[in-house]
Amino acid sequence: MIEVTHLTKTFWLPHRVDALADVSLSIAAGEVVVVIGPSGSGKSTLLRCLNRLETADAGHVFIDGIDVLDPKTDINRVRAEVGMVFQSFNLFPHKTVLDNITLAQRVVRRRSRAEAQQKAEALLVKVGIREKAGAYPDQLSGGQQQRVAIARALAMDPKVMLFDEPTSALDPEMIGEVLEVMKTLAREGMTMVCVTHEMGFAREVADRVVFMDAGAIVETMDAGAIVETGTPEHFFVNPEHERTKLFLSQILK
Amino acid sequence: MRSTASPPVLKRPASHYVGAASFFMLLFGLLAALYVATMQVDYVWRWNRIPQYFAYKQTIETRAEADGEVAALAPHGERRLLTLRSEEGEQTLDVPAEGLRVAVGDSVYAGDILAVEAHWRVGLLMQGLWLTIQVSVIATVLGVVIGLFAGIARVSKNPLFRWSALTYVEFIRGSPLLVQIFIWYFVLGTLFNSILAKQGFQQIPPLWYGVAAMATFAGAYVAEIVRAGIQSIHRGQNEAARSLGMSYPQAMIHVILPQAIRRILPPLAGEFISLIKDSSLLGIIAIRELTKATREIVTVSLQAFEMWFICALLYLILTFSLSMCVKYLERKIVV
Ligand SMILES: Nc1ncnc2c1ncn2[C@@H]1O[C@H](COP(=O)(O)OP(=O)(O)OP(=O)(O)O)[C@@H](O)[C@H]1O
Ligand SMILES: [Mg+2]
């Protein structure tokens, strides 16, 4: 479903950063891949290169057989198939929850108002906030906003969902409700790439965990290697590489 | 929660009242000083002469053109059709029913007044004010259209649009409006009108060159306001829209601009207030807007002091009502 080969991206301003240095990754349909790594390791950049929010310097990205980086590719059509959920939600503050979810359906998918609303309402039920359809984003909690953002992306009927630290801007008590929605999605067979350090989520639904550092994939682990150690929220992973070990020892207290 | 009880009475310190009293003393002091100064130069204030420049009553007299006799007075709506029979033949005149000075059978001499009527006419000052309003409104509308496109072009990735807009904005903002008016009138105006004349078309009056100068001038400032408004919207908004598959124009129209409008509105109002005031420069290319009209009145009436104060007051009324309108709009747009 997703084929990434030798992807390279360098930022020159304010100073040279090799955000992606020859990254290759292959993700099959229905697979759930969790990407972890220290801050600045290029996780967001990798995700943003997948739907060309960031243009890679070299390498290839194929999504469902379509060459994403080919300038002749209609990128808007690719993006409609690739949902993205951001750390900071990025809901449209001037539109109600319902309108947030119907907007792209109507202007991109050209669905009728009734059809778009029907879809939006079904998705609001799915993410568990049916009663907030008429509210504005700033009237919702962070967890609710992120669930609306997921519904907004799902409304396009994407083939792939990209999550960039969807829970790291949330208060701890709201993380669970967002992860629940993501788990449901994973179990339904959605192809997902998630940047997240929620190891419980990774253990439960991920197929693989990819560790990135300094713009490169250092190690790919089987999600089965994540072991819950007695108490919940405590995990044990035994990676091969020293850098992975060091990083995991920091996030798995 | 809005409380229904009356707000608590604010207890103000004594210094507040001292300050307020000083303010009014200063104000009246200045007015008195002005008055005394004008007495020194024997200036006679004649405020009663001012209203005629807003509107005045013009009397129209209908006079007989030859000796003769009033033959008939036929009703004609509110008016009468007066038939005057003379040696040269019959003549029918349309006269008001009220203000009729003759009756059927009266004999009249050439030059006699047959009827008088009075009409209200718009005074020069009002004509000037109206022209100022018209010029400002048209220039504002055009300026917004130009500014919107130029502002969007300013944030475009395409160098053709970005650099064109930048050149336009810098050129306009870097030279005085007065010079731009001259360029529009004496350079472009001469060119256009000569070409039009060669092709046998009608000339474009100076008014339109003036409006064009004002509109392009305002457009450059509006462009900068629009650019700042667009850039003030968080990058994440554009990314969210684009990640859903919206094209750049779709994201602009549905996501960025609706949010930017609210931030654009207050500085935009400031820009249009300047525009109203700057329109006073158009007098130099023979456009009789408020300032030019005032100058003309001053030349004939010699009541310079009253007229210039009135002129300033009229501008103040225009600008103040505009800023009130915008305040109202702003409150309406808040989501
Ligand atoms: N638009 C940009 N301009 C310049 N440098 C950038 C830009 N975006 C990212 N970078 C740099 O690229 C590197 C990788 O950034 P990226 O955001 O992909 O890291 P990340 O792994 O997502 O980190 P985090 O966990 O903090 O989100 C960082 O050093 C960052 O400073
Ligand atoms: Mg990141």
Side-chain angles (χ1 to χ4, degrees), chain A residues 44 47-48 50-55 74-96 99-110 116 135-139 145-146 148-164 169, chain B residues 1-2 148 151-152 154-163 166 225-268 326-335:
Chain A
S44 299
L47 229 54
R48 294 159 57 82
L50 294 185
N51 64 355
R52 220 165 89 184
L53 276 187
E54 212 76 75
T55 317
D74 180 357
I75 191 63
N76 295 325
R77 279 177 66 177
V78 176
R79 286 177 181 156
E81 306 291 333
V82 180
M84 190 165 202
V85 175
F86 303 85
Q87 180 175 354
S88 50
F89 328 136
N90 296 350
L91 291 179
F92 307 134
H94 61 300
K95 295 203 173 288
T96 62
D99 290 342
N100 262 276
I101 305 175
T102 54
L103 178 64
Q105 292 190 65
R106 302 194 59 205
V107 302
V108 179
R109 292 282 194 226
R110 306 225 158 271
Y136 282 93
D138 60 5
Q139 297 167 327
Q145 288 191 50
Q146 194 59 297
V148 173
I150 295 174
R152 178 177 69 177
L154 290 177
M156 304 301 286
D157 296 318
K159 296 193 177 108
V160 177
M161 284 287 286
L162 309 175
F163 292 85
D164 191 357
Chain B
M1 281 286 258
R2 201 165 288 164
L148 197 60
I152 291 173
R154 276 286 268 117
V155 295
S156 159
K157 279 207 178 107
N158 189 330
L160 169 65
F161 298 128
R162 201 174 63 237
W163 294 349
L166 186 68
I225 293 169
V226 169
R227 179 192 59 77
I230 290 173
Q231 287 178 341
S232 76
I233 304 302
H234 191 262
R235 204 167 56 121
Q237 288 292 307
N238 187 46
E239 290 183 348
R242 298 305 302 275
S243 78
L244 289 164
M246 284 189 223
S247 64
Y248 181 82
Q250 286 171 339
M252 264 295 161
I253 291 167
H254 296 287
V255 177
I256 306 298
L257 286 180
Q259 295 182 61
I261 291 287
R262 268 178 60 200
R263 309 195 188 183
I264 286 174
L265 214 50
L268 211 54
V326 174
K327 284 232 172 68
Y328 174 77
L329 263 182
E330 249 174 82
R331 245 180 294 135
K332 283 244 128 172
I333 288 183
V334 170
V335 281

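A, B, ... follow the sequence lines: proteins, then strands. Residue 1 opens every chain.
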Undergrad: Verify the neighbour count for atom OH of B/Tyr248: are there more than 12 heavy atoms of other residues, nucleotides or ligands below 6.0 Å?
TA: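 Enclosed.
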
Undergrad: About how many Å separate CG of A/Asn90 and CD of B/Gln237, when rounded to the nearest 0.5 Å?
TA: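 With rounding to 0.5 Å, CD (B/Gln237) is 6.0 Å from CG (A/Asn90).
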
Undergrad: Could you report the tightest heavy-atom contact between A/Val107 and B/Gln250, atom names first, then the distance?
TA: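 Closest approach of A/Val107 to B/Gln250, heavy atoms only: O-NE2, 3.2 Å.
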
Undergrad: Given the options A/Lys95, A/Arg152, A/Met84, A/Arg77, which has more heavy-atom pairs under 4.5 Å with chain B than any of the others?
TA: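 Sorted descending by pairs with chain B, the first entry is A/Arg152.
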
Undergrad: How close do B/Leu244 and A/Ala153 get, heavy atom to heavy atom, and via which atoms?
TA: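 Of all heavy-atom pairs spanning B/Leu244 and A/Ala153, the closest is CD2-CA, 4.1 Å.
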
Undergrad: Chain A heavy atoms under 4.5 Å from B/Ala241: which part of the residue, side chain, backbone, both or neither?
TA: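 Both backbone and side chain of B/Ala241 come within 4.5 Å of chain A.
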
Undergrad: Look only at the side chain of B/His254 and the backbone of A/Ala104, and say whether a donor-acceptor pair between them is shorter than 3.5 Å.
TA: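 Looks like no, no N/O pair under 3.5 Å.
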
Undergrad: Quick check on the interface: out of A/Asp138, A/Leu162, A/Leu91, A/Val78, who has the most heavy-atom pairs with chain B under 4.5 Å?
TA: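 That would be A/Leu91.
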
Undergrad: So which part of A/Phe86 gets closer than 4.5 Å to some heavy atom of chain B, the side chain, the backbone, both or neither?
TA: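 Looking at A/Phe86, just its side chain touches chain B.
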
Undergrad: Give the minimum heavy-atom separation between A/Asn51 and B/Ser243, together with the two atoms involved.
TA: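 Closest approach of A/Asn51 to B/Ser243: ND2-CB, 3.9 Å.
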
Undergrad: How close do B/Val255 and A/Leu103 get, counting heavy atoms only, and between which atoms?
TA: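 What the structure gives for the nearest pair is CG2-CD2, 3.9 Å.
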
Undergrad: Let me confirm one number: the CZ-CD distance from A/Arg79 to B/Glu239, rounded to the nearest 0.5 Å.
TA: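 Going from the CZ atom of A/Arg79 to the CD atom of B/Glu239 covers 9.0 Å.
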
